[in-house]
Amino acid sequence: SAVISQKPSRDICQRGTSLTIQCQVDSQVTMMFWYRQQPGQSLTLIATANQGSEATYESGFVIDKFPISRPNLTFSTLTVSNMSPEDSSIYLCSVEGLIGNEQFFGPGTRLTVL
Amino acid sequence: AQSVAQPEDQVNVAEGNPLTVKCTYSVSGNPYLFWYVQYPNRGLQFLLKYITGDNLVKGSYGFEAEFNKSQTSFHLKKPSALVSDSALYFCAVRGDGGATNKLIFGTGTLLAVQP
């Protein structure tokens with residue numbers, strides 16, 4: 001399985017500011033995924049990030065609010081822009097395993113917006 | 001549309017007793033089914049998967065799950081629960097149709113194992 005790290009692990013931010021979350025994988029992967037887990041809720045896919053192309057966003061999520069970068073095969077960033085308290089969530093990145101279709105998840109970034 | 005249902009918000013079981021966490025799904029094509037566990041303040045850990053083959057799949061920490069196509073279910077089981085199994089469990093599905101690798105997650109079931 002891939003080893004995935006995320007930075008920061010948690011942050012407390014003010015309304016109207018932006019936060020960039022980093023996701024680093026210890027091996028090259030084609031697809032990386034960004035999820036949001038709102039308090040007490042399940043995981044919702046925000047977007048799929050492929051290296052060398054624009055990210056693909058799910059319904060309800062837009063690039064202006066959640067810009068994503070994917071500069072190489074081991075790294076991605078997700079920015080949460082112009083934050084409001086409703087953005088308080090855990091944000092997780094994941095990658096698909098080389099064999100078997102399962103996804104492996106990073107430890108998550110716990111974001112609180114005041 | 002793909003969907004996953006976990007009908008129980010919480011399952012309580014005594015240590016040493018068998019446990020079952022329920023999951024049903026709806027998907028186009030053949031299902032790829034997964035179970036994940038989330039401990040407090042931790043990310044998701046992969047437990048097991050069903051892609052094809054034997055309906056009973058075995059995974060990490062002594063967990064197993066049974067794929068039942070006629071009932072569209074994929075219940076998670078363990079013969080003897082441990083207090084350390086207490087965590088939030090998520091069932092997830094994706095279909096084999098199309099190019100998407102998108103996983104759809106259930107709402108999660110909190111497993112509480114009492115000593």
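Summarising the geometry, atom NZ belonging to B:Lys102 is positioned 11.5 Å from atom OG1 belonging to A:Thr56; distances are rounded to the nearest 0.5 Å. Rounding to the nearest 0.5 angstrom, the gap separating the CG atom in B:Leu103 from the OH atom in A:Tyr35 is 4.5 Å.
Inspection of non-hydrogen atoms places A:Phe105, A:Gly106, A:Pro107, A:Arg110 of residues 105-114 of chain A under 4.5 Å from chain B. The stretch residues 42-55 of chain A places A:Ser42, A:Leu43, A:Leu45 near chain B, each with some heavy atom under 4.5 Å from a heavy atom of that chain. Contacts of residues 64-71 of chain A with chain B at a heavy-atom distance below 4.5 Å are absent; not one residue qualifies.
In the displayed structure, A:Asn72 atom CG is contacted under 6.0 Å by more than 12 heavy atoms of other residues, nucleotides or ligands.
Both B:Val21 and B:Tyr39 are part of a single hydrophobic cluster, where members link through side-chain heavy atoms under 4.5 Å apart. Following chains of ILVMFWY side-chain contacts shorter than 4.5 Å, one can reach A:Leu78 starting from A:Leu19, so the two form part of one hydrophobic cluster. At a threshold of 4.5 Å between side-chain heavy atoms, the hydrophobic network of Ile, Leu, Val, Met, Phe, Trp and Tyr places B:Val11 and B:Tyr89 in one connected group. Connection of A:Phe75 to A:Val95 is not established within any shared hydrophobic cluster, with ILVMFWY side chains joined at heavy-atom distances below 4.5 Å, either directly or through further cluster members. Note: the hydrophobic cluster containing A:Ile63 also contains A:Tyr91 (ILVMFWY, side chain heavy atoms under 4.5 Å, direct or indirect links).
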A:Gln103 vs B:Tyr36, test: side-chain contact (heavy atoms from CB on, under 4.5 Å). Steps then yes/no.
CA-CA 10 Å; A:Gln103 289 184 17; B:Tyr36 288 85; 3.7 Å; yes
Could you check A:Gln41 against B:Phe105 for side-chain contact (heavy atoms from CB on, under 4.5 Å), going step by step and ending with a plain yes or no?
CA-CA 10 Å; A:Gln41 303 294 316; B:Phe105 283 85; over 6 Å; no
Side-chain atoms of residues 59-71 of chain B: list all donor-acceptor pairs with protein atoms under 3.5 Å, sequence neighbours left out, distances to 0.1 Å.
residue, atom, partner, partner atom, Å
B:Tyr61, OH, B:Gln45, OE1, 3.1
B:Glu64, OE1, B:Lys58, NZ, 2.9
B:Asn68, OD1, B:Ser70, N, 3.2
B:Asn68, OD1, B:Ser70, OG, 2.8
B:Asn68, OD1, B:Gln71, N, 3.0

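Considering all non-hydrogen atoms of both residues, A:Glu102 and B:Phe46 come closest at CB-CE1, 3.5 Å.
If you measure heavy-atom distances from A:Gln6 to chain B, you find no contacts under 4.5 Å at all.
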